[in-house]
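Order of listing sets the numbers, starting from 1, for every ligand and every atom in it.
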Amino acid sequence: MTIAANLAGIHERMASAAKRAGRTRGEIALMAVCKTMPAERIREAYGAGQRLFGENRVQEFAEKRPWLTGMTGAQFHLIGHLQSNKAAKAVELFHAVDSVDSLRLADKLDAAARKLGRRLPVLIEVNIGGEAAKSGLAPDDLELEELLHDAPRLEALEIRGLMTVPPYTEDPEGARPYFRRMRELRDATAKRKLPYVKMDELSMGMSHDFEVAIEEGSTCVRIGTAIFGARPQAGAEE
Ligand SMILES: *Cc1c(COP(=O)(O)O)cnc(C)c1O
């Protein structure tokens, strides 16, 4: 299957899932997760109309970036864990950081964005399954509260919503309760109308469970394997 055919298939499945949930397809963005993929494959996806991309490592993307010029309208988001000492580099390279998982990182990103005179859209990553091996803040972590509370001070950040990677289950239905809890957390947070906190985005759903995620309210599905095929090797990032 070509990347174009894979993308077409996913668009169709997204539309069906949206319809089942009484939603419109336009509410849900498709992010192509191109980590480990060479620049030619990313260009191929771009040629097939894909514009939103996700990478999970700063260094890897820095190396690929010179081969990705001229892709007008393409946006690259960082979706992997970011060490604070790479925050400045990330702000230089990415349109947005969808994996903010600590107040310290938020501070670093804010400082780096200020320095470059730009605003950085961010999502807060929530570890909804409470897994030790995953990054993200627990829903009841005081640090999440602090981060939301500090939004007015973090002037160069635009907090736009939440992101999660739920525990892996063979059956995608296993992820449904986690997706639902994420939507409840998003809705409850939005309701508080905290200053400078937007909760429009809910980034959740991957190749094997994106339809369930859409049924539960996802506004952005992050899909790698189902677009590009299997990755060369399962990296340490997972
Ligand atoms: C790799 C990755 C994805 C995509 O995973 P697939 O199963 O290949 O679709 C989505 N989100 C994050 C955070 C990832 O690291």
Discussion item. Just verifying a value: how many Å separate Leu185 CG and Met199 CE, rounded to the nearest 0.5 Å?
Written reply: 7.5 Å

Item to complete: Please could you name the atoms of ligand 1 that Ile223 approaches to less than 4.0 Å, counting only its heavy atoms?
Response: 9 (O)

Practice prompt. Could you tell me whether Arg51 sits above the aromatic face of Tyr46, with NZ or CZ closer than 6.0 angstrom to the six-membered ring centre and within 45 degrees of the axis?
Written response: yes

Worksheet item: When you look at Lys89 and Leu82, which way does the side-chain contact (heavy atoms from CB on, under 4.5 Å) test go after all the steps?
Response: CA-CA 10 Å; Lys89 188 84 188 164; Leu82 175 62; over 6 Å; no

Discussion item. On a heavy-atom basis, I'd like to know which of Lys35, Met163, Met206 is closest to atom 14 (C) of ligand 1.
Written reply: Lys35

Discussion item. Would you say Val91 ends up clustered with Phe94 if hydrophobic residues are merged whenever their side chains have heavy atoms under 4.5 Å apart, either directly or through other cluster members?
Written reply: yes

Practice prompt. Within a distance under 4.0 Å of any heavy atom of Thr225, pick out the atoms of ligand 1 and give their elements.
Written response: 6 (P), 7 (O), 8 (O), 9 (O)

Worksheet entry | Under 3.5 Å: N/O of Arg222 near N/O of ligand 1 | yes

Discussion item. Test of understanding: given a 4.0 Å heavy-atom threshold, classify the contact between His208 and ligand 1 as side chain, backbone, both, or neither.
Written reply: neither

Item to complete: Start with the C-alpha gap between Glu215 and Arg20, add the side-chain angles, then the distance that decides, and say whether salt bridge (charged side-chain N to carboxylate O under 4.0 Å, His left out) holds.
Response: CA-CA 7 Å; Glu215 287 167 15; Arg20 278 198 297 281; 2.7 Å; yes

Worksheet item: Out of curiosity, is Met31 lining ligand 1, as in a heavy atom under 4.0 Å away?
Response: no

Practice prompt. Looking only at distances, please establish whether an N/O atom of ligand 1 is found under 3.5 Å from an N/O atom of Gly224.
Written response: yes

Item to complete: Step through it carefully: locate the ring centre of Phe76, locate the ring centre of Phe53, and say whether they are under 6.0 Å apart.
Response: yes

Worksheet entry | Atom indices of ligand 1 within 4.0 angstrom of Ile79 heavy atoms, with elements | 11 (N), 12 (C), 13 (C), 14 (C)

